[in-house]
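Scope of the values below: all heavy atoms of this structure, side chains included, with no hydrogens, waters or symmetry mates.
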Amino acid sequence: MEAIHTQGIWMAESLQLKTMSQENLWQIVTHMGDPKAAFLLFFPLTYFISRRAGVAVLWVAAISEWLNLVFKWMLFGERPFWWIGESRLFVNNPPRVQQFASTCETGPGSPSGHAMVTAAVWWVMVSSLGSFLYSRTHSVLISAVPYLLYVVMLVAVGLSRIFILAHFPHQVIAGSITGFILGIVLDRRVPEGRPLLFFVCSSIGLLLTALLLHAGLEQLGVNLSWSIALAKKWCSHSEWIRLDTAPFSSLTRDCGALVGLGLAQYWKPGGWSLPRAPRALCLALSSMGLYHVNRLPLPVHPQTLFYGLFFVKFIIVPQVVMVLVPGLVYLLTDKKKKD
């Protein structure tokens, strides 16, 4: 692994030296590949185009991110920004690389969560769009365009993670392949119209399984906080260490989103029936609402309070997109028709 890691560092150095002028572009791409973007950006965008695809995006995002957490706990995986110092291989020949505000994630590095969740979620989106285009045009060439964009997006997200020293190339490749497989498998099992109990039990199951795995590994002498200590040690700016990148933040986000999805379908089974223009308005209003929900400051001490509020925050996300905003728009447009 030492040789693979070393080659990864030199690749990151080369990428930074050749494309540093595109730093802002790389930052945008890495934020688009953030698992959080699947919940806050791609879920509402997809939902107001196709309800089934929107539910699938949220479902696939939650399950794939949870599996990514489990894989990271079991596979460990260094991150470039701390491995450079820990390896002590570059004392006499340090690489000319720099860190960024998005670099210092605190979880283990393998496989890449950005690549894995992006590959899974975007597969749901592009396969749905590709099928729609083929049904309308019967053109294989036109329906293949979304799949080409899918590959371009995966490559761009992977390179952005290497550029900012968050991942090694092999971690990005592993995440992309795993996410692609998960996207295909999970897209066939979308829990649209399932009862609330199913989602509550799913959320509890994910939470308990993760906690039992965590406790079991700790009992075996595995220190699962090792990556957090290294991130704090080698991050060039302490303020770049954020609690919302910690492994348990991913877990609470996934569990909260599943409960929220169940509640949204419980409050309004089948969703609101809206024509195209009101749905565009819903998308705009939902995006603004989720922007402010995401910006809500949460206390980081005690950590249990932070995780509890983080859980509630992502319960709210499906309510905003699937119930509150469409319901408001429906009432306003229906009243206008009557008038």
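- Evaluated for a ring pair (Phe, Tyr, Trp, His ring centres under 6.0 Å) with F100, the options F163, F81, W240 yield exactly one hit, F163.
- By the rule that hydrophobic residues join a cluster once side-chain heavy atoms approach within less than 4.5 Å of another member, I84 and W226 end up as members of one cluster.
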Next on the checklist: Apply side chain to side chain contact (heavy atoms under 4.5 Å, CB included) to residues L165 and Q16 and explain how you reach the verdict.
Outcome noted: CA-CA 10 Å; L165 300 182; Q16 284 196 5; 3.8 Å; yes

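- With ring centers used as reference points, F314 lies under 6.0 Å from F310.
- F199 and W59 have perpendicular rings, their planes meeting at more than 60° on a 0 to 90° scale where under 30° would count as parallel.
- A donor-acceptor pair is defined here as one N or O able to donate and one able to accept, closer than 3.5 Å; such a pair exists between the side chain of T6 and the backbone of E2.
- The aromatic rings of W83 and F90 stand perpendicular to each other, their planes meeting at an angle above 60°, with 30° marking the opposite boundary.
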Next item on the list: Go through the steps to decide whether W123 and Y147 satisfy the test ring-ring contact (aromatic ring centres under 6.0 Å, His included), and finish with yes or no.
Entry: CA-CA 8 Å; W123 176 259; Y147 297 96; 5.6 Å; yes

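- Between the CZ atom in R188 and the CD1 atom in I184 there is a gap of 6.5 Å [rounded to 0.5 Å].
- At a threshold of 4.5 Å between side-chain heavy atoms, the hydrophobic network of Ile, Leu, Val, Met, Phe, Trp and Tyr places I228 and M74 in two separate groups.
- Between atom CH2 of residue W10 and atom CG of residue N93 there is a gap of 4.0 Å, rounded to the nearest 0.5 Å.
- Smallest separation of non-hydrogen atoms from V117 and A38: CG1-CB, 4.3 Å.
- Counting heavy atoms from C-beta outward, Y150 and S127 have side chains that stay 4.5 Å or more apart.
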Query - Steps toward side chain to side chain donor-acceptor pair (under 3.5 Å) verdict (Q27, S102) - result: CA-CA 8 Å; Q27 294 280 10; S102 303; 3.3 Å; yes

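- Formation of a donor-acceptor pair under 3.5 Å by the T103 side chain with backbone atoms of I164 is found in this model.
- Under the 4.5 Å side-chain heavy-atom criterion for Ile, Leu, Val, Met, Phe, Trp and Tyr, F306 and I241 are members of distinct hydrophobic clusters.
- For the pair W272 and P278, the minimum side-chain heavy-atom distance is 4.5 Å or more.
- For residues 5-17, the salt bridge (charged side-chain N to carboxylate O under 4.0 Å, His left out) pairs, not counting sequence neighbours, are E13-R96.
- Counting heavy atoms from C-beta on, the side chains of L261 and M322 come closer than 4.5 Å.
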Might you work through the side chain to side chain contact (heavy atoms under 4.5 Å, CB included) test for I181 and I177, ending with a clear yes or no?
CA-CA 6 Å; I181 295 171; I177 294 173; 4.2 Å; yes

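- Between the side chain of S203 and the main chain of C255, a donor-acceptor pair closer than 3.5 Å is present.
- Residues P299 and L309 come closest through the heavy atom pair CD-CD1, 3.7 Å.
- Using a 4.5 Å heavy-atom threshold, the side chains of V329 and L285 count as touching.
- Among residue pairs with one or both ends in residues 163-173, none qualify as salt bridge (charged side-chain N to carboxylate O under 4.0 Å, His left out); sequence neighbours excluded.
- Under the 4.5 Å side-chain criterion, counting only non-hydrogen atoms from C-beta, R161 is not in contact with Q171.
- Evaluation of the salt bridge (Lys or Arg N to Asp or Glu O under 4.0 Å) rule for E65 yields R253 as partners, not counting sequence neighbours.
- Listed by first and then second residue, the side-chain hydrogen bond (donor to acceptor under 3.5 Å, both in side chains) pairs involving residues 261-270 are W267-Q319 (not counting sequence neighbours).
- Judged as a side chain to side chain donor-acceptor pair (under 3.5 Å), and not counting sequence neighbours, S14 has no contacts.
- In this structure the side chain of I162 never reaches within 4.5 angstrom of the side chain of F168, judged on heavy atoms.
- Atom-to-atom distance recorded for L182:CG and I63:CD1 is 9.5 Å, nearest 0.5 angstrom.
- The nearest pair of heavy atoms linking E105 to W82 is O-CZ3, 4.1 Å.
- For R242, the salt bridge (Lys or Arg N to Asp or Glu O under 4.0 Å) test picks out D244, with sequence neighbours left out.
- When all heavy atoms of L213 and W73 are compared, the pair lying nearest together is CD2-CE3, 4.0 Å.
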Exercise. Could you go step by step and tell me if V157 and M32 meet the side chain to side chain contact (heavy atoms under 4.5 Å, CB included) rule?
Worked result: CA-CA 8 Å; V157 169; M32 287 184 65; 5.7 Å; no

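- With hydrophobic clusters built from ILVMFWY side chains whose heavy atoms lie under 4.5 angstrom apart, M125 does not share a cluster with Y134.
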For residues 232-239, please give each side-chain donor-acceptor pair under 3.5 Å, one per line with the distance, not counting sequence neighbours.
residue: K233; atom: NZ; partner: E86; partner atom: OE2; Å: 3.0
residue: W234; atom: NE1; partner: E86; partner atom: OE2; Å: 2.6
residue: S236; atom: OG; partner: Q99; partner atom: OE1; Å: 3.2

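- Listed for the S112 side chain is no donor-acceptor partner under 3.5 Å among the backbone atoms of G175.
- Here L159 contributes atom CG and T30 contributes atom OG1; the two are 11.0 Å apart, rounded to the nearest 0.5 Å.
- For D254, there are no side chain to side chain donor-acceptor pair (under 3.5 Å) partners at least two apart in sequence or on another chain.
- Using the six-membered ring where Trp is involved, F43 and Y47 have ring planes that are tilted, between 30° and 60° apart.
- The shortest non-hydrogen separation linking N68 to P111 is ND2-O, 3.1 Å.
- Residues S249 and T245 fail the side-chain proximity criterion, which asks for heavy atoms closer than 4.5 Å.
- For F198 against S202, the heavy-atom pair with the smallest separation is O-OG, 2.7 Å.
- E78 pairs by the salt bridge (Lys or Arg N to Asp or Glu O under 4.0 Å) definition with nothing, not counting sequence neighbours.
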Show me the donor-acceptor pairs, under 3.5 Å and distance only, between side chains in residues 217-224 and residues at least two apart or in other chains.
residue: E218; atom: OE2; partner: L224; partner atom: N; Å: 3.4
residue: N223; atom: OD1; partner: S225; partner atom: N; Å: 3.1

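- Note that CD1 of I315 is 4.0 Å distant from CZ of F311, once rounded to the nearest 0.5 Å.
- In the hydrophobic clustering of ILVMFWY residues, with side-chain heavy atoms under 4.5 Å counting as a link, L89 and I4 come out apart.
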F180 vs S176, test: side chain to side chain contact (heavy atoms under 4.5 Å, CB included). Steps then yes/no.
CA-CA 6 Å; F180 168 68; S176 299; over 6 Å; no

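- Remark: R52 engages D187 in a side chain to side chain donor-acceptor pair (under 3.5 Å) (not counting sequence neighbours).
- Residues passing the salt bridge (Lys or Arg N to Asp or Glu O under 4.0 Å) test with R51, sequence neighbours excluded: E192.
- Side-chain contact between L149 and V126: absent, with no pair of heavy atoms (C-beta onward) separated by less than 4.5 Å.
- Put simply, CG on L211 and CD1 on I204 are 12.0 Å apart, with the number rounded to the nearest 0.5 Å.
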